[in-house]
Amino acid sequence: MAVLTVNGVTREVDVDPATPLLWVLRERLALTGTKFGCGIAQCGACTVRLNGQAIRSCVTPLAAVDGQSIQTIEGLAPGDGERHPLQAAWIAHQVPQCGYCQSGQLMSAAALLAGNPDPSDTDIDRAMEGNICRCGMYGRIKAAIKTAALAQAGGATKDGGGR
Amino acid sequence: MNKWTRRSFIAAGLTVGGGLIVGVAIRPGNRSRKLAPLVAGDGETLVHTWVKLDADNVVTAIVPHAEMGQGAGTALAQMLADELDADWALVRYEEAPATSEFANSPLGKGMLLAGVDIPEIVVPTVDGFLLHTAKALDLQITGGSLSVRTTGVYGMRVAGAAVKAMLREAAAEAWQVPVDEVVARKSHLVHEASGRREPYAAYARAASRMTPPASPKLKTPDEFEIIGRHVERLDIPAKVDGSALFAIDVRLPGMLYATVRRAPTFGGGIATLDDGRARAIPGVVDVVRLPASQARALVGSFEAAESVAVVAEGFWAAKQGLDALEIAWRITGHETVSSDAIFEQFDRDIDAGIDREADVSEGDVEAAMARAALVLKSDYRVPYLAHTCMEPMNATARVEDGRCEVWVGCQSPLPFRQAIADALGFEAEDVTVHNCFMGGGFGRRARADFAIQAAQLAAHVGRPVQLIWTREEDVRQDFYRPAISSRFRAALDADGHLIAWENTYVDKHEPAEAPLIPYAVPARDIGHVASPTHVPFGAWRSVDHSQHGFFTESFFDEVAAAAGQDPYAYRAARLTHKPRHLAVLRTAAEAADWGRPLPKGRGRGISLQESFGTLVAQVVEVTVSGGRIQVDRVVAAVDPGIAVSPDGLSAQIESGIVYGLTAALYGEITIENGAVAQSNFNDYPALRMSAAPQIEVHIIRSGHAIGGAGEPGTPGIAPALANAIYDATGSRIRRLPFSPANLERFDELRPPA
């Protein structure tokens, strides 16, 4: 039995501890916003935050995160009916096309901004390099991250960072 | 195998339709009463096949297209809303159900009759004929960059205008005033003289009982208010909070999970299977052999070999089970086929020229070659490509009481329904397809092989099953963008004028015009020979343009270089008969500061490609250093005629460019031992952020017929980049991708001496 804090809520899960966190989230906890894309930590669609850091949940065994704090896309917004500055910027820049990679993109971006409120282009490239977007919206993603950084600097919203 | 053949669709459409229509005037009246149970919820009135109104005055466009990222739903809703004079804040859209009553006859109309003037009196009969044809063909497809330019033009605008006319008439009747005095404005009906003003919803019911006018008065472009305006895409909010429902997110009570494997060598089957170790894995429920399947639809037909699936309580157990299977595959005879052997076969077939068919033959090419001051020859080739949609292939199925329900993201719900029914031995009416958002389509999701597997599994185990392919299966069991070889000869006279263009390539598919060039040349001979392989193929974003755009625009650059002329000026000089092309080319060149000197190691290249009714010119700036290619900037000029959703168009062009750039830089599916050698994003990479160029899109609103948006960005990037690399280094790249392996092999990237 593993015990996780997911989006601030304590959850108990009784599955094979080798099961990757991705499938625990999607199949056991009904959190389907986190996506399967490759299964080998190459595409970033499965990105969630573990104690605030971006990780690839498709290769992270449940046993490795027992007792720790996970934030998924469902927990990114600060409250019901509210949006994280990144989510607002994603809409302002009309980032998503098919949308499938965007949960992972947003979680990588959230981890970046939590540790680096004013990232340079190179910082953004480095933080987002693990996230593939087959619709190719990299320019819009980068622009949206900068917009969100500005909004955050304005004190719009506090990022919970998965705690 | 099969082709993406618009032409065969048209031929078959006429045959099928012709059989139905002889001597019969088919005139549809108002079909709303019959259709309403299929789409109208509580408090909603279906006023027209494609339009609902609810009590809160919300208009819902019923869109017979699937959403795979292209934003067609929003653009189509804009077209409907503009003609309807709806308040955009009150407009929604939903995908039409996968039933033949919602077969997409406007799509057929656009494909068959574009530009044809139909006499007013027979419009209803033609529409009725097209509805019958669309039903007979299961016409409900998304592809070919067609949604806006066919369904939008012939369906959504007409429906919006028709509903507006019906609402005005209903209000006029109720108010006892002449219909001319009833004005439609922002989702309200207004009678200025009496000051009456009512929401559309008040007259929805009355309007729904009228027969829609078949050819209502449409707006002229200067009257557009919503078409051409920037609006936010309606599907985006759900895509930033994880709530957008993809097929892989469907959860049914009692559902099991499965994953599957087919023989790596195409066409192979299972010789022996030992599933003992797999069945011993905790959570594994069953191991199931699934029979070969096929579909004979006009669009999306395929043949797929048998497969073996592991069904389990969760995907992870299913995957463990799959890896534990011991399978010996049946020998097919293709086990020795390699990419090298395939390209050798292509060269042999081009050499032999047996049954060469001409696409275009004008002027005396041989005579021009004989008198030329210079004859230039080049061979080009491109490899197979996989689609690698972000969302791996998956479908969820439930089979109960002789009925089958399938949740899937697909580009053609009606053909999927038929293919699933055929595989199960069901009637199509007993199969329901719930189409979900697609995590990318690009042509792959037009083929129902994976949905059939899910339905077969659900039927076999008697519980709902979600089948999820591994990425490895997705890469190895695709319907690939065909590899092609293409051979060119060009004749130049002593002044550097192009006097003849000759091109022979293997394997023609669609669109037919893909290998043609827009430039004036007195003698042309473009043709193809057949050279079939055992590799399954299908449509891939921009279809044949993806190969021929690279070939023709690269070779044309070679011609300009051989003539000692600037590639932009050389193109422009041969486009004086095509002012629209010239304007697009010039816009891109000027926006990119063509001619401004670049530092050493940097280069600039240009391309021009018309595809799917839209013209795109691209200028690429590249930095080449130490054998490394960095694409710095792409400037694209786009003439789609009318830009319905300008930001959406721009996003599609950006997307098409990156998709094409991934292919140009990395894309290579190689065949070894009859099977695909690649497996996942580690060996079949996709462009990542640090390699993504800055992209600028300049839209030209020429007012010509509306063109497509999803695909036209893709063909021009590879040649513009090849031309830029030539400008930077003097090395001409004639094979894709520009991967380090290819560059080393061909020693292409040495800096110029």
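What you are looking at is a predicted structure, and each value in this text was computed from that prediction instead of being measured. Within every chain, numbering begins at 1; the chains are lettered A, B, ... in the order of the sequence lines, protein sequences first and strands thereafter.
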Using non-hydrogen atoms only, which part of [X] is less than 4.5 Å away from chain B: side chain, backbone, both, or neither?
X        : value
A/Leu106 : side chain
A/Asn131 : backbone
A/Arg140 : side chain
A/Ile124 : both

CZ/A/Arg126: more than 12 non-hydrogen atoms of other groups inside 6.0 Å: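 At most 12 heavy atoms, drawn from other residues, nucleotides or ligands, come within 6.0 Å of this atom.
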Neighbour count above 12 (heavy atom, 6.0 Å) for A/Asp123 CG: yes
Are [X] and [Y] packed together at the side-chain level, in the sense that at least one heavy-atom pair is separated by less than 4.5 angstrom?
X        : Y       : answer
A/Gln97  : B/Gln70 : no
B/Pro237 : A/Arg83 : yes
B/Phe437 : A/Cys98 : no

Toward chain A, the part of [X] with a non-hydrogen atom under 4.5 Å:
X        : value
B/Ser690 : both
B/Met438 : backbone
B/Val240 : both
B/Ser650 : both
B/Thr388 : both
B/Val231 : backbone
B/Ile695 : neither
B/Ala651 : both
B/Leu661 : neither

Donor-acceptor check, side chain of [X] to backbone of [Y], threshold 3.5 angstrom: yes or no?
X        : Y        : answer
A/Glu27  : B/Phe315 : yes
B/Arg471 : A/Gly37  : yes
A/Gln94  : B/Arg233 : yes
B/Ser655 : A/Gly136 : no

Note: B/Arg688-A/Asp125 ion pair, threshold 4.0 Å (strictly below): no
A/Lys35/B/Asp249 salt bridge by N-O under 4.0 Å criterion: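 Yes, B/Asp249 and A/Lys35 are salt-bridged.
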Among the listed options B/Arg541, B/Lys239, B/His387, B/Met68, the residue most often paired with chain A at heavy-atom distances under 4.5 Å: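 Heavy-atom pair counts peak at B/Lys239.
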Best-contacting candidate, B/Gln652, B/Gln694, B/Gln466, against chain A by heavy atom pairs under 4.5 angstrom: B/Gln652
Between A/Gly33, A/Gly139, A/Cys135, the one whose heavy-atom pairs under 4.5 Å with chain B are most numerous: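 Heavy-atom pair counts peak at A/Cys135.
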Non-hydrogen atoms of [X] and [Y] that approach each other most closely:
X        : Y        : result
A/Arg134 : B/Ala386 : NH2-O, 4.4 Å
A/Ala45  : B/Met390 : CB-CE, 4.3 Å
A/Pro20  : B/Trp316 : CD-CD2, 3.2 Å
B/Val658 : A/Tyr138 : CG1-CE1, 4.2 Å
B/Gly242 : A/Ile73  : N-CG1, 3.7 Å

Value rounded to 0.5 Å, distance of OH in B/Tyr684 from CD in A/Gln42: 15.0 Å
Stepwise side chain to side chain contact (heavy atoms under 4.5 Å, CB included) check, A/Met137 with B/Glu654: CA-CA 7 Å; A/Met137 292 296 100; B/Glu654 294 162 33; 4.1 Å; yes
Whether A/Tyr100 and B/Phe246 hold their rings parallel, tilted or perpendicular, with breakpoints at 30° and 60°: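 A/Tyr100 vs B/Phe246 ring planes: perpendicular.
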A/Thr32 versus B/Arg251, side-chain donor and acceptor atoms under 3.5 Å: no
Stepwise side chain to side chain contact (heavy atoms under 4.5 Å, CB included) test for B/Asp241 and A/Glu74: CA-CA 6 Å; B/Asp241 63 10; A/Glu74 290 89 349; over 6 Å; no
Qualifying residue for side-chain contact (heavy atoms from CB on, under 4.5 Å) with A/Cys38, from B/Asn680, B/Asp474, B/Val475: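 Looking at B/Asn680, B/Asp474, B/Val475, the match for A/Cys38 under the side-chain contact (heavy atoms from CB on, under 4.5 Å) is B/Asn680.
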